[in-house]
Amino acid sequence: ETGVTQTPRHLVMGMTNKKSLKCEQHLGHNAMYWYKQSAKKPLELMFVYSLEERVENNSVPSRFSPECPNSSHLFLHLHTLQPEDSALYLCASSQDGAVPYNEQFFGPGTRLTVL
Amino acid sequence: AQSVAQPEDQVNVAEGNPLTVKCTYSVSGNPYLFWYVQYPNRGLQFLLKYITGDNLVKGSYGFEAEFNKSQTSFHLKKPSALVSDSALYFCAVRDLSNDYKLSFGAGTTVTVRA
């Protein structure tokens with residue numbers, strides 16, 4: 001798991017707060033992903049960046065704003081969230097994201113609670 | 001469209017017994033199939049994948065999976081389960097029609113009792 005790190009591991013925020021989640025990958029990959037994991041539901045792909053360009057935005061509300069300043073770092077900026085946004089947010093990376101058989105490597109996640 | 005179904009929410013087995021976690025898929029072309037495992041408070045860890053060729057794929061920690069095209073299945077197996085195999089298991093599929101999206105099943109919780 002040290003290949004992909006996420007901070008913070010836990011975050012509690014009010015609905016009016018602004019916070020950011022950070023992800024860093026040390027694997028030399030060029031594609032990075034944000035997923036939302038809610039209990040008893042499949043992982044939901046939120047955003048994909050390939051070569052620092054956003055290539056997938058899976059109908060995510062605008063209160064979630066991603067940023068990828070370079071191929072090793074990925075951020076998820078949070079603003080005026082709702083309680084239903086409480087979940088585990090997972091970051092992943094892979095080599096050559098367009099290649100369908102390349103596996104993704106996941107970070108440990110940030111457990112987000114919105115009050 | 002691609003999708004994955006894991007028909008069992010939970011699988012319980014005794015240590016030393018065989019373990020099977022079921023997965024069926026739906027894709028428009030050739031599938032690329034994956035199994036991941038998630039331990040409590042951890043991210044997903046890659047176990048194995050099917051690309052093409054031999055229908056029996058061997059992966060990490062003694063796990064293997066069998067690809068069956070006619071039944072559109074990719075069941076995960078382990079001949080002799082360990083207590084430490086207790087975790088949440090996800091099957092995932094991708095095809096060439098969806099450039100970047102890996103579709104996951106809802107997950108199966110495996111409990112191995114001593």
Side-chain angles (χ1 to χ4, degrees), chain A residues 1-10 21 23-25 27 29-51 53-60 88-111, chain B residues 1-10 23-53 57 59-60 65 67 74 87-109:
Chain A
E1 280 189 26
T2 55
V4 181
T5 58
Q6 291 186 241
T7 55
R9 293 293 308 273
H10 300 271
L21 310 185
C23 175
E24 184 174 359
Q25 60 96 1
L27 301 169
H29 291 160
N30 55 23
M32 296 188 77
Y33 312 76
W34 278 117
Y35 287 89
K36 177 183 179 182
Q37 184 179 19
S38 304
K40 305 297 184 185
K41 293 176 66 176
L43 269 70
E44 301 172 49
L45 179 65
M46 300 175 72
F47 302 103
V48 181
Y49 277 82
S50 178
L51 299 172
E53 179 181 336
R54 190 191 307 181
V55 294
E56 184 90 23
N57 179 353
N58 211 27
S59 302
V60 179
L88 182 67
Y89 289 84
L90 292 166
C91 173
S93 71
S94 72
Q95 187 59 32
D96 296 329
V99 175
Y101 48 79
N102 284 349
E103 61 268 31
Q104 296 178 17
F105 293 79
F106 286 79
T110 295
R111 174 67 64 185
Chain B
Q2 58 190 35
S3 65
V4 168
Q6 292 181 243
E8 301 160 315
D9 288 340
Q10 188 139 5
C23 170
T24 58
Y25 66 89
S26 174
V27 296
S28 56
N30 291 325
Y32 301 94
L33 293 151
F34 304 80
W35 275 102
Y36 287 84
V37 61
Q38 186 178 31
Y39 298 99
N41 301 313
R42 306 277 289 276
L44 277 67
Q45 294 180 34
F46 169 75
L47 280 178
L48 51 80
K49 64 182 176 183
Y50 172 82
I51 303 174
T52 186
V57 179
S60 307
F67 172 68
F74 189 56
L88 183 57
Y89 290 80
F90 291 97
C91 181
V93 69
R94 186 170 165 184
D95 65 22
L96 288 175
S97 68
N98 214 318
D99 279 344
Y100 294 92
K101 185 173 181 179
L102 184 61
S103 295
F104 285 84
T108 299
T109 299

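Sequence lines set the chain letters: A, B, ... in the order given, protein chains first and strands last, and positions in each chain run from 1. Just the heavy atoms: all of them, side chains too, but no hydrogens, waters or symmetry mates, feed the values below.
With values rounded to the nearest 0.5 angstrom, Glu103(A) atom CD is found 10.0 Å from Leu48(B) atom CG.
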Stepwise side-chain contact (heavy atoms from CB on, under 4.5 Å) test for Gln104(A) and Tyr36(B): CA-CA 10 Å; Gln104(A) 296 178 17; Tyr36(B) 287 84; 3.8 Å; yes
Checking Tyr35(A) against Leu102(B) for the side-chain contact (heavy atoms from CB on, under 4.5 Å) test, could you report, in this order, the C-alpha distance in whole Å, the side-chain angles of both residues, the deciding distance, and whether it holds? CA-CA 11 Å; Tyr35(A) 287 89; Leu102(B) 184 61; 4.0 Å; yes
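Taking the six-membered ring where tryptophan is involved, the planes of Phe46(B) and Phe105(A) are tilted, since the angle between them lies from 30° to 60°.
The contact between Phe90(B) and chain A is made entirely by side chain atoms (from C-beta outward), counting heavy-atom distances below 4.5 Å. The contact between Leu45(A) and chain B is made entirely by side chain atoms (from C-beta outward), counting heavy-atom distances below 4.5 Å. Looking at Leu33(B), neither its backbone nor its side chain comes within 4.5 Å of chain A, counting heavy atoms on both sides. Heavy atoms of Tyr32(B) lying under 4.5 Å from chain A belong exclusively to its side chain. Residue contact with chain B, scored on non-hydrogen atoms closer than 4.5 Å, involves the side chain of Ser50(A) exclusively.
Glu53(A) CD: 12 or fewer foreign heavy atoms inside a 6.0 Å radius.
Remark: Gln38(B) pairs with Gln37(A) by the side-chain hydrogen bond (donor to acceptor under 3.5 Å, both in side chains) rule, at least two apart or across chains. When the side-chain hydrogen bond (donor to acceptor under 3.5 Å, both in side chains) test is applied to Asn102(A), no partner is found at least two apart in sequence or on another chain.
No donor-acceptor distance shorter than 3.5 angstrom exists from the side chain of Arg42(B) to the backbone of Gly109(A), with no hydrogens or angles considered.
Here Tyr101(A) and Phe34(B) keep their ring centres 6.0 angstrom or further from each other.
Side-chain contact check for Leu43(A) versus Leu44(B): some heavy-atom pair is nearer than 4.5 Å.
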